[in-house]
Enquirer: 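Got a structure for you, questions after.
We use all heavy atoms of the structure for the numbers below, so side chains are in, but hydrogens, waters and symmetry mates are not. All chains are named by letter (A, B, ...) in the order of the sequence lines, taking the proteins before the strands, and each is independently numbered beginning at 1.
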Number of protein chains: 2
Amino acid sequence: MSTRVHGELELAGFVPYRLNRLAVGVSNHLADIYRERFGLDVPEWRVMATVGSQHGCTAQHIAESTRMHKTRVSRAIAHLEERDLIERASSTADRRAREVRLTKAGRRMYTDLVPLVLERERELLACLGKEPLRGFLAGMTALETFLGLQD
Amino acid sequence: MSTRVHGELELAGFVPYRLNRLAVGVSNHLADIYRERFGLDVPEWRVMATVGSQHGCTAQHIAESTRMHKTRVSRAIAHLEERDLIERASSTADRRAREVRLTKAGRRMYTDLVPLVLERERELLACLGKEPLRGFLAGMTALETFLGLQD
DNA sequence: CACAATTAGTTGCGGGCGCAACCATTTTGG
DNA sequence: CCAAAATGGTTGCGCCCGCAACTAATTGTG
């Protein structure tokens with residue numbers, strides 16, 4: 001571990017900075033797939049992932065489970081609807097909410113996309129050994145808990 | 001580790017997503033200090049940290065060592081100069097570049113700020129045990145290497 | 001039952017960011 | 001030695017984001 005002189009800071013070894021850089025790096029690594037090949041940006045990808053793994057969900061639900069701001073979700077949904085990847089039905093008992101669903105084309109994209117993305121994740125994590133991976137994930141979980149980010 | 005059904009994805013357990021959320025969380029945790037108490041945003045904080053730990057450096061150098069886009073650096077420097085926290089001298093042999101330095105006030109902020117930030121980092125990492133911390137950092141390093149983010 | 005408070009979702013606005021283009025200077029190489 | 005390429009840095013532009021304000025529908029309360 002890096003030694004650190006009191007009162008001096010070197011950004012390169014500073015964990016919050018490294019963590020941010022790493023998250024950006026991993027995100028870009030993934031974006032190669034969903035952006036270049038499917039024309040999705042991050043919010044759109046997250047909406048696709050969320051809608052695809054459930055049957056009918058509301059924008060509200062998407063916002064909660066992705067932790068994105070509701071306006072970001074609203075705009076992502078609008079884009080995806082324009083591209084006919086998802087559709088909305090103002091069906092339920094609550095006539096404020098609108099049920100969001102994948103269209104045929106959206107479902108097709110989802111089933112093409114998800115395995116590629118999961119493979120990328122697997123391939124990324126493979127650069128850690130099995131045991132170190134466990135340690136790394138445990139660390140992430142502990143930090144998440146400490147910061148109150150759980151589930 | 002979470003079991004994962006082939007072809008299905010749950011965002012909450014997806015490492016790239018978790019990593020991004022964690023980085024944002026950690027960043028906000030720190031921002032409490034440098035934003036609320038010192039009125040700095042992320043790019044400004046990074047510039048302060050970089051300039052403060054070296055004696056005279058160029059915008060180019062800051063951009064490289066923080067991995068920020070040069071326009072982002074340029075604008076952060078402009079803001080900090082307006083607030084008289086840093087100053088620029090178009091000194092060196094190369095008359096395109098300008099040497100960036102902390103002013104008296106900037107130096108004062110730096111020496112107040114850095115210990116607080118380092119303390120926050122220490123306090124954050126303390127929620128991992130000593131051994132798990134080592135594992136977590138090793139994991140980060142491995143991922144950085146894999147993605148070519150080194151130093 | 002009516003009226004206030006809440007909730008789902010959208011939109012105008014201001015701010016920050018990256019891209020590309022630009023200016024000024026320095027380096028390269030013919 | 002000069003023209004072309006490269007480099008440090010700034011700026012105009014368009015895009016995305018979050019905040020706050022808004023509409024519409026629902027729930028709670030007297």
Side-chain angles (χ1 to χ4, degrees), chain A residues 17 20-21 23-25 27-28 31-32 34-36 39-48 50-51 54 56-83 86-101, chain B residues 17 20-21 23-25 27-28 31-32 34-36 39-48 50-51 54 56-83 86-101:
Chain A
Y17 170 71
N20 178 75
R21 199 179 45 161
V24 170
S27 180
N28 288 338
D32 285 351
Y34 59 67
R35 189 179 54 234
E36 319 279 316
L40 300 176
D41 63 17
V42 172
E44 287 161 8
W45 147 248
R46 287 182 184 167
V47 169
M48 288 293 290
T50 306
V51 176
Q54 334 230 327
C57 64
T58 161
Q60 173 62 21
H61 173 77
I62 298 171
E64 273 165 19
S65 80
T66 61
R67 304 217 161 200
M68 292 194 291
H69 195 274
K70 60 179 180 171
T71 60
R72 211 175 168 197
V73 173
S74 174
R75 283 156 179 152
I77 290 177
H79 293 154
L80 294 171
E81 196 176 27
E82 272 167 28
R83 289 179 61 186
I86 67 174
E87 59 190 1
R88 283 185 280 190
S90 39
S91 51
T92 351
D94 189 334
R95 269 167 27 215
R96 290 170 303 182
R98 309 221 263 160
E99 286 279 313
V100 179
R101 232 180 255 97
Chain B
Y17 170 72
N20 176 75
R21 199 180 44 161
V24 170
S27 180
N28 288 338
D32 285 350
Y34 58 70
R35 189 178 56 234
E36 319 278 317
L40 301 175
D41 64 17
V42 173
E44 287 162 6
W45 147 249
R46 286 181 186 167
V47 169
M48 287 294 288
T50 306
V51 176
Q54 335 230 326
C57 66
T58 161
Q60 173 63 23
H61 171 76
I62 298 172
E64 274 166 17
S65 80
T66 61
R67 305 220 163 196
M68 292 195 290
H69 195 274
K70 61 179 180 170
T71 60
R72 211 177 167 197
V73 173
S74 174
R75 283 157 179 152
I77 289 177
H79 293 153
L80 293 171
E81 197 176 26
E82 272 168 27
R83 289 180 60 186
I86 66 173
E87 59 191 359
R88 283 185 280 190
S90 39
S91 51
T92 350
D94 190 335
R95 273 174 15 223
R96 289 171 303 186
R98 308 220 265 160
E99 285 279 313
V100 179
R101 233 182 253 97

Enquirer: Please produce a list of atom pairs where a protein N or O lies less than 3.5 Å from an N or O of nucleotides 5-8 of chain D.
Expert:
from: D:dT7; atom 1: O2; to: B:R96; atom 2: NH1; distance (Å): 2.3

Enquirer: What nucleic acid atoms does A:A63 come within less than 4.0 Å of, heavy atoms only: base, sugar-phosphate, or nothing?
Expert: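 The answer is nothing, as A:A63 stays clear of every strand by at least 4.0 Å.
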Enquirer: Please list, chain by chain and in numerical order, all residues satisfying side chain to side chain contact (heavy atoms under 4.5 Å, CB included) with B:A97, sequence neighbours excluded.
Expert: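 With sequence neighbours excluded, B:A97 shows a side chain to side chain contact (heavy atoms under 4.5 Å, CB included) to B:T58, given in chain and number order.
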Enquirer: So what does B:A76 hit on the nucleic acid, given a heavy-atom distance under 4.0 Å: a base, only sugar-phosphate, or nothing?
Expert: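 The residue B:A76 makes no contact with any strand.
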Enquirer: So, for A:R98 and A:S90, which heavy atoms are closest and what is the spacing to 0.1 Å?
Expert: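 What the structure gives for the nearest pair is CD-CB, 4.0 Å.
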Enquirer: Pick out the pairs of N or O atoms, protein on one side and nucleotides 14-18 of chain D on the other, that lie under 3.5 Å.
Expert:
from: D:dC17; atom 1: OP1; to: A:R72; atom 2: NE; distance (Å): 3.0
from: D:dC17; atom 1: OP1; to: A:R72; atom 2: NH2; distance (Å): 3.4
from: D:dG18; atom 1: N7; to: A:R75; atom 2: NH1; distance (Å): 3.4
from: D:dG18; atom 1: O6; to: A:R75; atom 2: NH1; distance (Å): 3.1
from: D:dG18; atom 1: O6; to: A:R75; atom 2: NH2; distance (Å): 3.1

Enquirer: Over how many whole Å does the gap from B:I62 atom CD1 to D:dT10 atom C1' extend?
Expert: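 To the nearest whole Å, that distance equals 15 Å.
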Enquirer: Considering the options A:V73, A:V51, A:L80, which one meets the side-chain contact (heavy atoms from CB on, under 4.5 Å) requirement together with A:V100?
Expert: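 Of A:V73, A:V51, A:L80, side-chain contact (heavy atoms from CB on, under 4.5 Å) with A:V100 is met by A:V51 alone.
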Enquirer: First and last nucleotide of DNA chain C touching chain B, 5' to 3', heavy-atom cut-off 4.0 Å?
Expert: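 Terminal contacting nucleotides, 5' to 3': C:dC17 to C:dT26.
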Enquirer: State, to 0.1 Å, how close B:Y17 and A:S65 come at their nearest heavy-atom pair, and which atoms those are.
Expert: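 Scanning both residues completely, I find the closest heavy atoms to be OH-O, 3.4 Å.
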Enquirer: A:R83: what forms a salt bridge (Lys or Arg N to Asp or Glu O under 4.0 Å) with it, not counting sequence neighbours?
Expert: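 Here no residue qualifies.
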Enquirer: Taking side chain to side chain contact (heavy atoms under 4.5 Å, CB included) as the definition, give me every residue that meets it alongside B:A89, ordered by chain and number, with sequence neighbours left out.
Expert: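 B:A89 satisfies side chain to side chain contact (heavy atoms under 4.5 Å, CB included) with B:S91, B:R101 once adjacent residues are dropped.
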